Protein chains: 2
Amino acid sequence: MLDHSTPIDPILHAIADPTRRAMIERLTKQPVSVSELAGGFPMSLQAVMQHLSILEGAAVVRSEKIGRVRTVSLNPAALRQLESWVTAQRTAWERRLDRLGDILGETPEDAKE
Amino acid sequence: MLDHSTPIDPILHAIADPTRRAMIERLTKQPVSVSELAGGFPMSLQAVMQHLSILEGAAVVRSEKIGRVRTVSLNPAALRQLESWVTAQRTAWERRLDRLGDILGETPEDAKE
DNA sequence: CGCTTAGTAAAGCATATGCTTGACCATTCG
DNA sequence: CGAATGGTCAAGCATATGCTTTACTAAGCG
């Protein structure tokens, strides 16, 4: 394992898990309490909490505790950050690929600079 | 663990790893052979191969073997797919958040990076 | 107050993941 | 040919991950 310190890394790691993506999708509809959220998943509340702490660590969600109820909501900034990263990458790829043309099975002399 | 069958999942899983992202970045510059790629990483060639097979399984990269040399290159379609997924998600979030206004007694305008 | 509800802490466990080493095959080249 | 090069197969291993169970604390409510 290498870097892991890039700001984008925790976000990618957070959304790489299907359960966490499902939680995100649930939160897209509206903010919910922890137990309310947990009710929708076939696992213990603790497991849900652990996923939540990863999501919150990546700033994908935020949460606030009022009384004994912790309400969890999305943080759109995280997705915007992810989106710009993806877009930047894709742009870089495509720019390069455009220049190279058909690489495999092609003459390699157009791969300079 | 839940679903894991969504088409977006293998892509997200593939790019969640920092080593694999570094490989992607390397491939952004130009297609390379396996050993050439492995030369840039502080790990065995086999480890690099294993990462490559995950990337290829997610269709993030393609590879072709000519003679005894396997040349690896990016598949821009994967990133485009990822980008549309992210954009769709972000849009859903923001639409919802717009409608809800400030739920936790907070203004949702802190979205600068 | 005492009971229930919402959440948290901590430990344990099975599987997944990232990496290694060692053996092996296939192409190229002296 | 035989050696070197480029890649592949298969175990094995340590740590990470996703989840569980068993406490436990704190807030609300009769």
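From a predicted model like this one, the values you see are computed outputs, not experimental measurements.
Taking 4.0 angstrom as the limit, B/H51 places a side-chain polar atom (N or O) nearer than this to OP1 or OP2 of C/dC19. Phosphate proximity of C/dT17 to B/H13: present, with a side-chain N or O under 4.0 Å from OP1 or OP2.
Distance from the side chain of A/Q50 is smallest to C/dA11 among D/dT17, C/dA11, C/dT20. The side chain of A/R20 lies closest to D/dG18, out of D/dT8, D/dG18, C/dT17. Nearest to the side chain of A/L45, among D/dT20, C/dT8, D/dG7, sits C/dT8.
Across the protein-nucleic acid pair, B/E36 atom CD and D/dG6 atom P stand 10 Å apart, rounded to whole Å. Nucleotide C/dG18 holds its P atom 16 Å from the CE atom of B/M49, rounded to whole Å. When the C1' atom of C/dG18 is taken as reference, atom CZ of B/R21 falls 15 Å away, rounded to whole Å. Rounding to whole angstrom units, CD1 of residue A/I15 and C1' of D/dT17 are separated by 17 Å. In this structure, the CZ atom of B/R70 is 9 Å from the P atom of D/dC9, given to the nearest Å. Look at CE on B/M43: it is 16 Å from P on C/dT17, rounded to the nearest Å. Put simply, CG on B/L52 is 16 Å from C1' on C/dT17, counting in whole angstrom units.
Here B/S35 lies in heavy-atom contact (under 4.0 Å) with sugar-phosphate atoms only.
Taking CG from B/L37 and CG from B/L52, the interatomic distance works out to 5.5 Å, rounded to the nearest 0.5 Å.
What you find for B/V69 and B/S33 is that their closest heavy atoms are CG1-CB, 3.7 Å. The shortest non-hydrogen separation linking A/I15 to A/I24 is CG2-CD1, 3.9 Å.
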Distances for protein N or O near nucleotides 23-30 of chain C N or O, under 3.5 Å:
from	atom 1	to	atom 2	distance (Å)
C/dT27	O2	B/R68	NH1	2.9

Distance-only check: which donor-acceptor pairs under 3.5 Å involve side-chain atoms of residues 53-61 of chain B, not counting sequence neighbours?
from	atom 1	to	atom 2	distance (Å)
B/S53	OG	B/Q50	O	2.9
B/E56	OE1	B/S63	OG	3.2
B/E56	OE2	B/S63	N	3.3
B/E56	OE2	B/S63	OG	3.0

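A 4.5 Å side-chain heavy-atom check between B/W85 and B/R90 finds every atom pair outside the cut-off.
Residues meeting the side-chain hydrogen bond (donor to acceptor under 3.5 Å, both in side chains) test with B/R68, sequence neighbours left out: none.
Side chains of B/T28 and A/Q89: a donor-acceptor N/O pair is absent below 3.5 angstrom, by distance only.
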